[in-house]
Amino acid sequence: HAQGFNVFLAPIDIYPLYHRLFFYQLPYLAIFFETEIWPSYIGFLRQRNVNVFLINARMSEKSYKFYKAFKSFSHAISQFNIIIAKSEIDKKRFIKFNPNVSICENIKYALKRKEFNLDLKALKSDKKNIFVFASFHKQELKFLHNAIVDVLSLGFRVIIAPRYLEDLQLFENMLISLDVDYALLSQNVVKDCVLVDSFGVLESIYSISDMVFIGGSVSCKLKGHNPIEPAIYGNFVFCGLYMDSFTQEVEYLKKIGCLFQIDDVTKLKGYILKCQTLPICDLQRKSQDIINCYKKVFSDFFIQA
């Protein structure tokens, strides 16, 4: 229960289960997010004239081919009353299945900064700037190995957040091989290198950090992670060349001077020195533009309805 709403886990996407879920009352509106396309759920709601929206919708080329091949998914997409895509490319793919597609860009630009219960003040107690290597995969250890020493040499406190905690030992082994004195975040010990060993804390770390390098972006086998989340907290963002899942976001953040894309680890140190002279990233105007876009799309739909 949160702020007057009942919150519960959705069932597995099996049609009869929705009869039990909505036995007493149907929703007026159901909103699905990004790639959450559940054929049985959507079919159940639309058969009962429930309005169904898909927001921040995205569709990769691989997903497009998958949906074309499986009629249950292509039919589910066709049933949305409104699809709000996050880019022109996504709109072109969705419109092949449903004509009711608008664009409002990535709604995550409109996320507000949060206050966190996790106490990380000790990491800022000596006023050192904090550099985060966020959501790094084991395939990116070589890049990380070469980058850490440079960042530490510039006087930053380095925080490393592995994408998967099952790979934690690989990251520890790398730090040991570099003879870097580090602490695990859970130990509550302040050192110049901290290794994150728990889930769900990355956004709170962004709230105290100054620069963030987004993982999943320096291996051609990966497609990058969201650069907006750290930018919201005023961080300058770095990433590698492989950001296929966030192409538009990368281009926009580059355009407004909030992001550098690195093609060679040896250039990282120079880019860090350069961005220290730039103003803090501010997404407030972008946030308001997207909120206004969503208001208009929703308003137009309900006026016509």
Using 30° and 60° as the class limits, which term best fits the ring planes of Phe32 and Phe80: parallel, tilted or perpendicular? perpendicular

Main-chain N/O of Ile130 paired to Asp210 side chain as donor or acceptor, under 3.5 Å: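 Yes, Asp210 side chain to Ile130 backbone: donor-acceptor pair under 3.5 Å.
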
Okay, side chain of Arg48, backbone of Leu26: is any donor-acceptor separation there less than 3.5 Å? no

Donor-acceptor pair between Tyr182 and Glu172 side chains, under 3.5 angstrom: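 Yes, a side-chain donor-acceptor pair sits under 3.5 Å.
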
Quick check on Lys96: does its NZ atom have over 12 non-hydrogen neighbours (other residues, nucleotides or ligands) under 6.0 Å away?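 No, the 6.0 Å shell around NZ holds no more than 12 heavy atoms from other groups.
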
Taking the side chain as every heavy atom from C-beta outward, state whether Cys193 and Ile160 have any pair of such atoms under 4.5 Å apart.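 Side chain of Cys193 against side chain of Ile160, heavy atoms only: contact under 4.5 Å found.
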
Parallel, tilted or perpendicular: which fits the ring planes of Phe44 and Tyr15, with parallel below 30° and perpendicular above 60°? perpendicular

Between Asn173 and Gln169: side-chain donor-acceptor atoms closer than 3.5 Å: yes

Does Glu251 form a salt bridge (charged side-chain N to carboxylate O under 4.0 Å, His left out) with Lys254? I'd like the steps, not just the answer. CA-CA 5 Å; Glu251 290 308 311; Lys254 284 166 69 174; 3.6 Å; yes

Please work out which of the three classes, parallel, tilted or perpendicular, describes the rings of Phe53 and Phe301, given edges at 30° and 60°.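 Taking Phe53 first and then Phe301, their aromatic rings stand perpendicular (interplane angle over 60°).
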
For Phe171 together with Phe133, are the ring centres under 6.0 Å from each other?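 Between Phe133 and Phe171, the centre distance exceeds or equals 6.0 Å.
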
Please say whether the positively charged group of Lys286, taken as NZ for Lys or CZ for Arg, lies over the ring of Tyr252, i.e. under 6.0 angstrom from the six-membered ring centre and within 45 degrees of the axis.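 Yes; both conditions hold, so Lys286 lies above the ring face of Tyr252.
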
